[in-house]
2 protein chains.
Amino acid sequence: MPSLDRSVLERLPTFRRMAGEDIDMLLKDAHPSRFSKNSEIFSQGEEARSFFLLISGHVRVVRTSAQGDKVIVRHINEGELMGIAIAMERAVYPASAIAIVECLVLNWPNSAWPSLKSKVPGFGTAVYRTIGQRFQETHDRVLEMASEQVEQRVARAMLRLMNEAGRQTADGMEIDFPITRQEIAEMAGTTLHMVSRLLSVWKDQGLVRGARQKIVISNPHGLMRVAERHRDE
Amino acid sequence: MPSLDRSVLERLPTFRRMAGEDIDMLLKDAHPSRFSKNSEIFSQGEEARSFFLLISGHVRVVRTSAQGDKVIVRHINEGELMGIAIAMERAVYPASAIAIVECLVLNWPNSAWPSLKSKVPGFGTAVYRTIGQRFQETHDRVLEMASEQVEQRVARAMLRLMNEAGRQTADGMEIDFPITRQEIAEMAGTTLHMVSRLLSVWKDQGLVRGARQKIVISNPHGLMRVAERHRDE
DNA sequence: CGCTGTGTTGAATGCCGTCAACGTCGGTGG
DNA sequence: CCACCGACGTTGACGGCATTCAACACAGCG
């Protein structure tokens with residue numbers, strides 16, 4: 001007996017093309033759980049026992065180095081997969097996942113993966129497509145970190161946030177969850193000081209509006225021009 | 001009739017655990033090809049039609065941005081897979097692959113992938129394990145670029161080279177293929193000037209020996225200590 | 001023997017990280 | 001309710017590291 005109605009999954013792009021009975025089969029092995037704000041869904045280095053689908057809320061994925069430096073790898077949004085280490089034969093989670101707000105999560109034990117993959121081929125394909133997209137994004141980020149200035153990197157981080165979790169409001173695109181300057185810095189590989197300075201400049205130019213733990217991009221196109229501005233222009 | 005003997009694959013770690021008949025099945029769909037030094041095996045943005053296994057030689061994988069900036073994503077060594085876009089449902093190659101020296105390559109048409117995956121499960125697993133390892137390495141690199149100084153990044157790039165293509169000689173570990181300062185800079189996200197300066201310093205300290213397009217690491221442990229040295233030590 | 005690609009080194013510029021001080025918001029407890 | 005405190009945010013000043021600019025050396029090759 002599925003613990004969630006199939007209609008919950010049918011709305012998500014990942015599952016839109018799947019047959020109803022396939023979705024039921026997925027749900028048979030899954031169970032939902034709730035995570036409170038700031039709680040950890042899985043932890044870097046911990047043995048990977050499950051993989052997850054975020055039903056509602058927002059999740060931050062963080063990778064920490066041996067020296068304690070942190071980067072925010074990505075944000076996970078409603079309908080996206082996370083913790084899919086098993087699909088790449090990895091024994092431990094490569095990063096930590098933290099609920100930014102109250103979250104509802106579906107999780108499958110890793111033991112269900114092989115049979116799901118063979119019985120619901122569309123699911124395996126969706127997982128591998130997700131991996132491919134994220135891999136490419138990660139490579140883009142290496143290139144970005146290697147070749148662009150702080151200003152461009154921060155602008156790109158903001159645009160990424162907008163695409164991931166932008167919500168249209170009267171003032172512009174608002175990021176749908178609370179985020180600090182420090183966290184934007186950890187997305188762009190810089191310090192909160194630089195982020196604060198840049199946001200101040202952009203506010204004066206009418207590109208963004210900010211408040212405590214809140215960002216609104218009032219002129220996305222203008223911000224894109226900043227992001228694309230190269231060193232010698 | 002296989003165009004290569006199975007013994008060629010049996011020696012490679014990727015295939016060591018596979019049954020002989022499975023290897024024969026793989027070889028049935030593959031055909032070998034030769035690439036001369038500096039020729040392109042596949043090209044960034046080009047429609048992905050095949051995936052590859054490097055039999056002998058060395059390959060450089062390069063990603064170029066819209067602005068023309070380049071990074072060396074990784075080096076491919078004998079026995080490693082490359083161009084496996086199909087496994088992640090990607091239509092085009094995300095980077096270019098260039099033969100550093102004369103290379104012998106096995107290639108499969110993408111059309112062979114679905115049946116290979118289902119008929120030789122060990123092969124699919126090997127591919128996905130490879131993807132997982134590289135994904136993790138790429139994440140490590142993002143973290144490294146975000147948090148470490150140029151000196152540490154160059155030291156790490158050298159150590160990566162050593163692990164990927166080190167050959168023990170009387171003087172130390174020698175990188176097995178020609179590589180310029182410019183290319184090391186593209187691995188570490190800096191300029192050839194910085195690389196040249198650092199190598200000079202390290203040569204004086206007895207850590208490395210260099211020549212034109214050649215690097216020998218005479219004291220790997222010492223170089224590791226440089227790589228691990230943090231900002232405030 | 002000139003030319004091109006590669007490598008080295010010095011000097012100057014400037015970006016950006018660090019240090020420091022202060023301001024503000026929100027939650028908590030008296 | 002209000003005072004307090006900690007987390008978050010802003011801004012200025014300074015200094016150092018890394019890029020840039022520049023000049024030169026050297027090797028390999030046609």
Side-chain angles (χ1 to χ4, degrees), chain A residues 37-38 60 67-72 100 144-155 157-158 175 177-205 208-216 226 229-233, chain B residues 37-38 60 67-72 98 100 144-158 175 177-205 208-216 226 229-233:
Chain A
K37 183 172 176 170
N38 293 326
R60 184 167 58 238
Q67 284 97 23
D69 296 300
K70 289 193 295 183
V71 289
I72 296 182
I100 301 178
E144 182 185 317
M145 301 281 305
S147 62
E148 280 171 21
Q149 312 276 100
V150 166
E151 184 176 26
Q152 280 67 40
R153 299 209 305 270
V154 174
M158 305 270 298
I175 307 306
F177 52 81
I179 183 162
T180 67
R181 306 291 185 266
Q182 173 66 39
E183 284 160 355
I184 296 176
E186 283 166 10
M187 294 180 67
T190 180
T191 62
L192 80 159
H193 305 274
M194 291 303 296
V195 173
S196 180
R197 280 182 233 278
L198 288 167
L199 288 181
S200 294
V201 173
W202 292 340
K203 183 159 70 178
D204 293 344
Q205 294 173 353
V208 306
R209 295 164 52 77
R212 193 185 179 78
Q213 304 202 3
K214 197 177 116 177
I215 298 287
V216 181
V226 173
R229 189 157 60 204
H230 207 235
R231 266 188 294 286
D232 41 13
E233 290 189 22
Chain B
K37 182 172 175 171
N38 292 325
R60 185 167 58 239
Q67 284 98 22
D69 295 300
K70 288 192 295 183
V71 289
I72 295 181
I98 290 145
I100 301 178
E144 182 185 316
M145 302 281 304
S147 62
E148 280 172 22
Q149 312 277 98
V150 166
E151 184 176 25
Q152 281 67 37
R153 299 209 304 271
V154 174
R156 282 188 200 278
M158 305 269 298
I175 307 307
F177 52 80
I179 183 162
T180 67
R181 307 291 186 267
Q182 174 65 37
E183 285 160 353
I184 296 176
E186 283 166 10
M187 293 180 68
T190 181
T191 61
L192 81 159
H193 305 275
M194 290 303 296
V195 172
S196 179
R197 279 182 232 279
L198 288 168
L199 287 181
S200 294
V201 172
W202 293 340
K203 183 160 69 177
D204 293 344
Q205 293 173 353
V208 305
R209 294 164 52 76
R212 194 184 177 79
Q213 304 203 3
K214 197 179 119 182
I215 298 288
V216 181
V226 173
R229 190 158 61 205
H230 208 236
R231 266 188 294 287
D232 39 16
E233 291 189 23

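Here is how names work: the chains are called A, B, and so on, in the same order as the sequence lines, proteins then strands, and each is numbered from 1.
The nearest whole Å value for the distance from the CD atom in B:E151 to the C1' atom in D:dT19 is 16 Å. Put simply, CZ on A:R181 is 19 Å from C1' on C:dG17, counting in whole angstrom units. Computed from coordinates, the A:Q182 CD to C:dC25 C1' distance equals 18 Å when rounded to whole Å. Rounded to an integer number of Å, the gap from B:R209 CZ to C:dG7 P is 16 Å. Distance B:M194 CE to D:dC21 P: 16 Å, rounded to the nearest Å. We find that CD of B:Q149 is positioned 14 Å from C1' of D:dT19, with the value rounded to whole Å. Rounded to an integer number of Å, the gap from A:M145 CE to C:dC15 P is 19 Å. The separation between B:L192 atom CG and C:dT6 atom C1' is 9 Å, rounded to whole Å.
Contact between B:A146 and A:G189 at its shortest, heavy atoms only, is CB-CA, 3.9 Å.
Contact annotation: A:T191 side-chain N/O to C:dG17 OP1/OP2 distance is under 4.0 Å. Of the side-chain N and O atoms in B:T190, one or more sit less than 4.0 angstrom from OP1 or OP2 of D:dT19. For the pair B:Q213 and C:dT6, the criterion of a side-chain N or O lying under 4.0 Å from OP1 or OP2 is met.
The stretch residues 196-204 of chain B touches DNA chain C through B:S196, B:R197, B:S200, each having a heavy atom within less than 4.0 Å of the strand.
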Would you give a per-nucleotide map of nucleotides 23-29 of chain D, 5' to 3', where B means the base has a protein non-hydrogen atom under 4.0 Å away, S means only the sugar-phosphate does, and - means neither?
-> ----B--
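Among residues two or more places apart in sequence or in another chain, the side-chain hydrogen bond (donor to acceptor under 3.5 Å, both in side chains) test is passed with A:E151 by A:R229. Scored by the side-chain hydrogen bond (donor to acceptor under 3.5 Å, both in side chains) test, B:R60 finds B:E183 as partners (sequence neighbours excluded). Not counting sequence neighbours, the partners of A:Q182 by the side-chain hydrogen bond (donor to acceptor under 3.5 Å, both in side chains) test are A:E186.
In the helix from C:dC1-D:dG30 to C:dG30-D:dC1, the terminal helix axes, each the rotation mapping four pairs' C1' atoms onto the next four within five end pairs, subtend 30°, rounded to 10°.
Rounding to the nearest 0.5 angstrom, the gap separating the NZ atom in A:K214 from the OG1 atom in A:T180 is 15.5 Å. For the atom pair B:I175 CD1 and B:I100 CD1, the distance stands at 10.5 Å (nearest 0.5 Å). Atoms OG1 and CD1, on A:T190 and A:I184 in that order, are 11.5 Å from each other to the nearest 0.5 Å.
Annotation: side chain of B:V150 is in contact with side chain of B:L198 (closest heavy-atom distance under 4.5 Å). Taking 4.5 Å as the limit, some side-chain heavy atom of A:R181 sits within range of a side-chain heavy atom of A:I215.
Tested against B:R153 for a side chain to side chain contact (heavy atoms under 4.5 Å, CB included), the candidates B:M194, B:E148, B:M187 yield a single pass: B:E148.
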